[in-house]
Engineer: 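Got a structure for you, written out below as structure tokens; questions coming shortly.
None of the values given here were measured: they were computed from a predicted structure.
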Amino acid sequence: MNIIHYYNAEDYASSVHFGQAFSTVLRDRFMPDQTLIFLCIGSDRATGDSLGPLIGHKLAQHPNRNYMVYGTLEEPVHAKNLAAVVEKIHSRHKNPYIIAIDASLGKPTHIGYYTLGIGSLKPGAGVGKELIAVGDVFITGIVNLSGLLDRMLLQTTRLHTVMSLADRIYLGIRYGLNLSAGHCLSPVTAPSAHPAREAM
């Protein structure tokens, strides 16, 4: 799988299709000796940029998880701390496999769609920020139109669009993880009393 796949968040069944593709990626590329990391990038200070922290919050709150989460509503990962968090991930985990999740801007016809692709993503590229490329796999949600005044567009993005994308992506990830259980993922571990704090 070396192309970007698009999924429509308005289609409830898209979570199933996304989950199946995500499971295939894990079974083909994720090794049992690796630690699965979800790096959810963004800030809750702008509606359009809150997709990553929302998904991170959902993933970190799951009672039984066999992955680590960096980037939640409580402790977001954003432009100012991204490099430090990536360094922390590599110091804490010997062989991390990073799923990078972020909001993005795109064509009018792609707003409300989410993507899955192999390789790294460059957070902030849509708003002119030069940040490090991160991830072995990337998931993006297209929250608004790309063009002039991109930063303002992130501020004025509809919450409905972001929440729909967050819900579909989270459901797809959980479905993909369930499909992969026993193939490439180790058994789930006991939940932490403070999953969000453990995540960071």
Engineer: Considering only heavy atoms from C-beta outward, does the side chain of Leu54 approach that of Met163 to under 4.5 Å?
Structural biologist: yes
Engineer: To the nearest 0.5 Å, what is the distance between CG on Leu51 and OG on Ser43?
Structural biologist: 12.5 Å
Engineer: Is any side-chain heavy atom of Arg65 less than 4.5 Å from a side-chain heavy atom of Phe38?
Structural biologist: no
Engineer: Considering residues, nucleotides and ligands other than Phe138, do more than 12 of their heavy atoms fall under 6.0 Å from its CZ?
Structural biologist: yes
Engineer: Going by heavy atoms in the side chains, are Ile99 and Val25 under 4.5 Å from each other?
Structural biologist: no
Engineer: Measure across Ser14 and Ala9 and return the closest heavy-atom pair with its distance rounded to 0.1 Å.
Structural biologist: OG-CA, 4.3 Å
Engineer: Between Asp102 and Asp49, does the side-chain contact (heavy atoms from CB on, under 4.5 Å) criterion hold? Intermediate values first, please.
Structural biologist: CA-CA 8 Å; Asp102 196 10; Asp49 203 28; 4.2 Å; yes
Engineer: Before you tell me yes or no, could you show the steps for Ile41 and Leu131 under side-chain contact (heavy atoms from CB on, under 4.5 Å), namely the whole-Å CA-CA distance, both residues' side-chain angles and the distance that decides it to 0.1 Å?
Structural biologist: CA-CA 12 Å; Ile41 303 161; Leu131 302 176; over 6 Å; no
Engineer: I'd like to know whether CD of Gln20 has more than 12 heavy-atom contacts from other residues, nucleotides or ligands below 6.0 angstrom.
Structural biologist: yes
Engineer: Assess whether side-chain contact (heavy atoms from CB on, under 4.5 Å) is satisfied between Tyr114 and Ser15, documenting all intermediate values.
Structural biologist: CA-CA 10 Å; Tyr114 54 108; Ser15 292; 4.0 Å; yes
Engineer: Taking side chain as C-beta onward, heavy atoms only, is Ile173 less than 4.5 Å from Ile139?
Structural biologist: yes
Engineer: What I want to find out is whether Lys58 reaches Asp167 closely enough, with some N-O distance under 4.0 Å, to be called a salt bridge.
Structural biologist: yes
Engineer: With rounding to the nearest 0.5 angstrom, report the CZ to CD1 distance, Phe22 to Ile169.
Structural biologist: 11.0 Å
Engineer: Give the minimum heavy-atom separation between Pro76 and Pro53, together with the two atoms involved.
Structural biologist: CB-CG, 4.5 Å
Engineer: To the closest 0.5 Å, what do you measure between CG (Asp136) and CZ (Phe30)?
Structural biologist: 10.0 Å
Engineer: Would you sort out whether Arg29 and Ile118 count as a side-chain contact (heavy atoms from CB on, under 4.5 Å), showing the intermediate values?
Structural biologist: CA-CA 10 Å; Arg29 298 173 178 271; Ile118 301 298; 3.5 Å; yes
Engineer: Quick one: closest heavy-atom pair of Leu121 and Ala100, and the distance?
Structural biologist: CD2-O, 3.7 Å
Engineer: To the nearest 0.5 Å, what is the distance between OH on Tyr170 and NE2 on His57?
Structural biologist: 10.0 Å
Engineer: Roughly how far apart are Met31 CE and Leu26 CG, rounded to 0.5 Å?
Structural biologist: 10.5 Å
Engineer: Quick check against the 3.5 Å criterion: does Thr72 have a side-chain atom that pairs as donor or acceptor with the backbone of Gly56?
Structural biologist: no
Engineer: So Leu145 and Leu105, do their side chains get closer than 4.5 Å, heavy atoms only?
Structural biologist: no
Engineer: Looking only at non-hydrogen atoms, find the nearest pair between Val143 and Thr157 and report the distance.
Structural biologist: O-CG2, 3.3 Å
Engineer: Could you tell me which non-hydrogen atom of Gly42 sits nearest to which non-hydrogen atom of His78, and how far apart they are?
Structural biologist: O-CB, 3.9 Å
Engineer: Hey, does the side chain of Ser23 reach the backbone of Gly19 with a donor-acceptor pair shorter than 3.5 angstrom?
Structural biologist: no
Engineer: Please work out which of the three classes, parallel, tilted or perpendicular, describes the rings of Phe18 and Tyr7, given edges at 30° and 60°.
Structural biologist: perpendicular
Engineer: Does any part of the side chain of Val86, heavy atoms only, come nearer than 4.5 Å to the side chain of Val77, both counted from C-beta?
Structural biologist: no
Engineer: Side chains of Ile4 and Thr140: does their closest heavy-atom pair fall under 4.5 Å?
Structural biologist: no
Engineer: May I ask you to decide if the ring planes of His110 and Tyr113 are parallel, tilted or perpendicular, using 30° and 60° as cut-offs?
Structural biologist: tilted
Engineer: Hey, does the side chain of Ser50 reach the backbone of Thr47 with a donor-acceptor pair shorter than 3.5 angstrom?
Structural biologist: yes
Engineer: Would you name the heavy atoms of Ile37 and Pro96 that are closest together and state the gap between them?
Structural biologist: CG1-CB, 3.9 Å
Engineer: Would a distance-only check, ignoring hydrogens and angles, find a side-chain to backbone donor-acceptor pair under 3.5 Å from Tyr67 to Leu177?
Structural biologist: no
Engineer: Is there a side-chain contact between Leu165 and Ile55 (heavy atoms, below 4.5 Å)?
Structural biologist: no
Engineer: Supply the atom-to-atom distance His5 NE2 to His17 NE2, rounded to the nearest 0.5 angstrom.
Structural biologist: 13.0 Å
